[in-house]
Asks: 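My structure is below; once you've seen it, I'll send some questions.
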Amino acid sequence: MEGWTCIYTSTQFQDIEFIRGILEEQQITAFVVNKKDSVYLFGEIELYVRVEDAFAANQIIKTI
């Protein structure tokens, strides 16, 4: 995933989707990688943005 960086992780899908929605409202493209095991429910869900958007995305997340 060259050119993309993980900016947030959580075990709760709704947390990731909430933040992704806020970033999308600010015209920051974000996508979700679900690494959570569906049977044993361990692991995390990751939120990625383009490297050039990472600073702005982190600033938005800090205000939440």
Asks: Considering only heavy atoms from C-beta outward, does the side chain of I22 approach that of I61 to under 4.5 Å?
Replies: no
Asks: Kindly indicate whether the side chain of I64, heavy atoms from C-beta on, has any atom under 4.5 Å from the side chain of F18.
Replies: yes
Asks: Among all residues two or more places apart in sequence or in another chain, which pass the ring pair (Phe, Tyr, Trp, His ring centres under 6.0 Å) test with Y48?
Replies: F31
Asks: I'd like to check the side-chain contact (heavy atoms from CB on, under 4.5 Å) partners of A54; sequence neighbours left out, ordered by chain and number.
Replies: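 Only T5, I7, V49 meet the side-chain contact (heavy atoms from CB on, under 4.5 Å) criterion with A54.
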Asks: With sequence neighbours excluded, tell me which residues meet ring pair (Phe, Tyr, Trp, His ring centres under 6.0 Å) with F13.
Replies: none
Asks: Checking I60 against I19 for the side chain to side chain contact (heavy atoms under 4.5 Å, CB included) test, could you report, in this order, the C-alpha distance in whole Å, the side-chain angles of both residues, the deciding distance, and whether it holds?
Replies: CA-CA 9 Å; I60 292 168; I19 293 171; over 6 Å; no
Asks: Checking Q14 now: which residues fulfil side-chain hydrogen bond (donor to acceptor under 3.5 Å, both in side chains) with it, not counting sequence neighbours?
Replies: Q12
Asks: Would you say that L47 contacts T9 through its side chain, given a criterion of any heavy-atom pair below 4.5 Å between the two side chains?
Replies: no
Asks: Could I get the full list of side-chain hydrogen bond (donor to acceptor under 3.5 Å, both in side chains) partners for K62, not counting sequence neighbours?
Replies: none
Asks: Which pairs with one or both residues in residues 39-53 pass salt bridge (Lys or Arg N to Asp or Glu O under 4.0 Å), sequence neighbours excluded?
Replies: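 As it turns out, the salt bridge (Lys or Arg N to Asp or Glu O under 4.0 Å) pairs with a partner in residues 39-53, which skip direct neighbours, are K35-E46.
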Asks: Between S10 and I16, is any pair of side-chain heavy atoms under 4.5 Å apart?
Replies: yes
Asks: How would you list, by chain and number, every residue that makes a side-chain hydrogen bond (donor to acceptor under 3.5 Å, both in side chains) with T11, sequence neighbours excluded?
Replies: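 Once residues adjacent in sequence are excluded, T11 has no partner under the side-chain hydrogen bond (donor to acceptor under 3.5 Å, both in side chains) criterion.
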Asks: I45, V33: one ILVMFWY side-chain cluster at the under-4.5 Å cut-off?
Replies: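 I45 and V33: separate clusters.
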Asks: Answer yes if I28 and V51 sit in the same cluster of Ile, Leu, Val, Met, Phe, Trp and Tyr residues linked by side chain heavy atoms under 4.5 Å apart, and no otherwise.
Replies: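 Cluster IDs for I28 and V51 differ.
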Asks: Among residues two or more places apart or on two chains, list those pairs meeting side chain to side chain donor-acceptor pair (under 3.5 Å) that have a residue in residues 20-33.
Replies: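 Matches after skipping sequence neighbours: E17-R20.
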